[in-house]
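Order of the sequence lines sets the chain letters (A, B, ...), proteins ahead of strands, with each chain counted from 1.
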Amino acid sequence: MPEPLFIISREDWSLHRKGHQDQMRHNEKIREAIKKNLPDLVSEENIILSSGKRVVKIPIRSLDEYRFRYNFNKSRHIGQGDGESKVGDVLATDSAPASGDASQGAGDQPGIDILEADVTLAEIEELVFAELELPNLQEKQKHQLYESEIRFNDVRKKGLIANIDKKRTILANIRRNARDGHPQIGRISPEDLRFKTWEETIKPHSNAVILAMMDTSGSMGDFEKYIARSFFFWMTRFLRKKYEHVEIVFIAHHTEANEVSEDEFFHRGESGGTICSSAYQKALEIIAERFPPEAYNIYPFHFSDGDNLTSDNERCQKLIGRLLEASSLFGYGEVNQYNRTSTLMNAFQHISHPRFKTCVIREKREVYKAMLTFFGKGKSGSGSAS
Amino acid sequence: MTNDEMKQLELAIAEITEVATELGLDFYPMRFEICPADIIYTIGAYGMPTRFNHWSFGKAFHRMKVQYDLGLSKIYELVINSNPCYAFLLEGNTLVQNKLIAAHVIAHCDFFKNNIRFKNTNRDMIESMSASAERIRGYELIHGTEAVERFIDAALAVQEHIDPSLVKPFVIAEEEKRRNEREPRKTKMPNQPGGKPGDYDDLWDLDKDGAQRDEHKEKQPDSKRTYKDLIWFICEHARGLEDWQRDILTILREEMLYFWPQIETKIMNEGWASYWHARILRKLDLTSEETVEYAKLNAAVIQPSRLMVNPYYLGLKIFEDIEQRWGREKLFEVREFDMDTSFIRNYLTKQLTEELDLYVFEKEGAEWKISDKKWENVREQLIRSRVNGGFPTLLVEDGDYLHNGELYIKHAYDGIELDIRYVEKTLPLVYELWGKSVHLETVIEDKRALFSMENGQLKRKFLT
């Protein structure tokens, strides 16, 4: 008998998982790539500027499939109009800046590979924060280390009328009516009432305060401010995510220091000369007023470009000495693109104290290094004062 | 799909098969396989259900699947050039969709069977790819998944650079392979199976061409000629490669040789299938609802696009034009002897170019603008875009450059520049395969430029 001209069949494909397996491998590789690119990602403007609200598109170079190919932007292509097309008609506009990379969005560009991977801030955080911790964290005054928290997590038939759960009450009413053969809402009776009730939980309290000090003087250019803010951006996110109730105090200074709101800290521009001791002085005042060292782990961090009034340096050293007595760690980050010898770093070189750490940042990708220097797990000492 | 629906589909396909045969289509026996979206996308991403594993296929799979899930695109069918010919139908297709698709894939199959470019393709590629995938899995067990993956990453970078003309008719190559397997080389004499090894045995090898002679050993390539088949050249002449690595290169090359005719006849093949699905469905007795649904689907398939050529539409229009001018018999002749480049050169007329409103567009600043509507220029540009499957042509100029075993590749520049970033990312991969310095000469801004990967360092300079 000759072979039939056709057969229709339906196999069981449920074990055919190939696509999914390789997709998982691809995802793994994206993660690897993200990890490799963390220093770049951490200083990615998109992330800092978006305040962490949205998904960012990150070029993940290692996931491209490289081959010899034509330069799409320099090639001529063929398209088809509706019969009315004329020479000079504009078909599309690249929104992306002409950076040379073919990273135009998915859009309607034919033949272009999307070179970007969507990365959520949460994914980056997970990878970055896994390596970080608050160093030298100590238990302070046990009785203050715990805090009770109230959570509504139960529904009962009896309770305070203020805690009535309207949705469940109505549901109970509908159910009861339905049982009686009237599928409708109405005639709510006491037996329909439902109340939310709570549970008290005891949560450990970390009792830590960060004093974030930033130089906002005129010598701090856009790059310097950007770096300092990137650092503080990640620091605040890290602390809030990993620790309950860490307090963060923001201090901006030039010749004078002021405690400012978080929003001001990240967005305000200033100018003028620089007297760093003003910030340290302010920090000491705030500690004295609000954060007794026996109750708090205290972490002052100061970011500056290193330019300071020379006559102020000695005072700075002295104040840092006092701050160190009260602190679990003092971190000084210097944004120094051109590798100058800075007056402040010069002065700080004489401070030798196990809880005093410095880090010089020359380029954007070193923000990550600063994070590791100050918060790196079990790496205390490494990478500091380079 | 209920049994009832299955019955209906069977009846419909029986009718379509019959109509197709009456209309003169000549195809292999068809195997229609109904499968879930996941599987359709897997096959779409890999090109074949049995192909080896690699993350890049996973990436393609994911992209297709996301587009499907978001309702952006839908593959209704996939067809595989094999005998019998496999066609995969998406579960959940309506009956009319399946009718259109069945007619469409039968025409594809006719094309596979009759177009001369496909003469030498391996019609058992499903099994071959399955066996290759199995071997690669074996290499992973021995050498580690990472090492194999890294090598495939590098090998894929040169996979398009094959030379189909180097290939012997498949049947002969297979026959030779079988013979070689039966009798280990050096102990055989032609026409004397089992003959004793003699002093002059290596002379017999001279009868074979370069590719077949002493395989894989560090042999001096012929310095007087150039080679288009980069992947073959590397496989043959790279020094540090291990056997499993050469095997992977051979696998990739064979798979590309299999896909190559499909790449070179994309416009023709889709046009051919679109032409016939319309003719076949006209002969079916569709209800009025079915006719409307069919018309909608057909319109979606052949919808023109402003930023690229829709091969379904362009191919269909050219075939219809040929039929008008020369009659249907001519269609069968064209389907047998042409490929996209010759198809367009021979049959895209001035009238058709204007009627279809085809144009050349290019980038000017940030804008993509129509730059040319002269029909000869449009035709020329279209042909250019199809030359060598749309890939740049690279030629191995020297496999012993500077008498130092370095690889010198020259881009056959024809007015379109290479993507420099990609050159700089790909060259290190070629370096990994070759094991010694590699150079690529091309043209940038009308100047000859040389990219070199030496001692792990990438350099670029202009040649004067």
Taking the six-membered ring for Trp, are His26(A) and Trp55(B) parallel (under 30°), tilted (30 to 60°) or perpendicular (over 60°)?
parallel
When rounded to the nearest 0.5 angstrom, what distance separates OH in Tyr66(A) from CD in Glu424(B)?
11.0 Å
Under 3.5 Å, side chain of Lys59(B) to main-chain N/O of Asn27(A), donor-acceptor pair present?
no
What part of Leu89(B) gets closer than 4.5 Å to chain A, counting heavy atoms only: side chain, backbone, both or neither?
neither
Could you tell me whether Lys425(B) and Glu65(A) have a side-chain N and a carboxylate O separated by less than 4.0 Å?
no
Side-chain donor/acceptor of Arg31(B) to backbone N/O of Ile8(A), under 3.5 Å
no
Crowding at CE, Met6(B) (>12 non-hydrogen neighbours, <6.0 Å)
yes
Under 4.5 Å to a heavy atom of chain A? For Ala14(B) that would be both
Identify which part of Asp82(A) has an atom lying under 4.5 Å from any heavy atom of chain B, answering side chain, backbone, both or neither.
both
Side chain of Asp22(A), backbone of His54(B): donor and acceptor closer than 3.5 Å?
yes
Just verifying a value: how many Å separate Ser371(B) OG and Arg76(A) CZ, rounded to the nearest 0.5 Å?
5.0 Å
Any side-chain donor paired with an acceptor under 3.5 Å for Thr93(A) and Glu367(B)?
no
Answer yes or no for Lys18(A) and Tyr46(B): cation-pi contact, defined as NZ/CZ to six-membered ring centre under 6.0 Å and angle to ring axis within 45°.
yes
Rounded distance (nearest 0.5 Å) linking atom OG of Ser75(A) with atom CZ of Arg384(B)
10.5 Å
Gln159(B) and Arg67(A), any side-chain heavy atoms less than 4.5 Å apart:
yes
Check whether Glu84(A) gets within reach of chain B through its side chain, its backbone, both or neither, counting any heavy atom under 4.5 Å.
backbone
Do NZ/NE/NH1/NH2 and the carboxylate oxygens of Glu362(B) and Lys74(A) come within less than 4.0 Å?
no
Would you say the rings of Trp368(B) and Phe72(A) are close, in the sense that their centroids are separated by under 6.0 Å?
yes
Any Lys/Arg nitrogen of Glu91(B) or Arg10(A) sitting under 4.0 Å from an Asp/Glu carboxylate oxygen of the other?
no
Would you kindly say whether Asp38(B) and His16(A) are connected by a side-chain donor-acceptor distance under 3.5 Å?
no
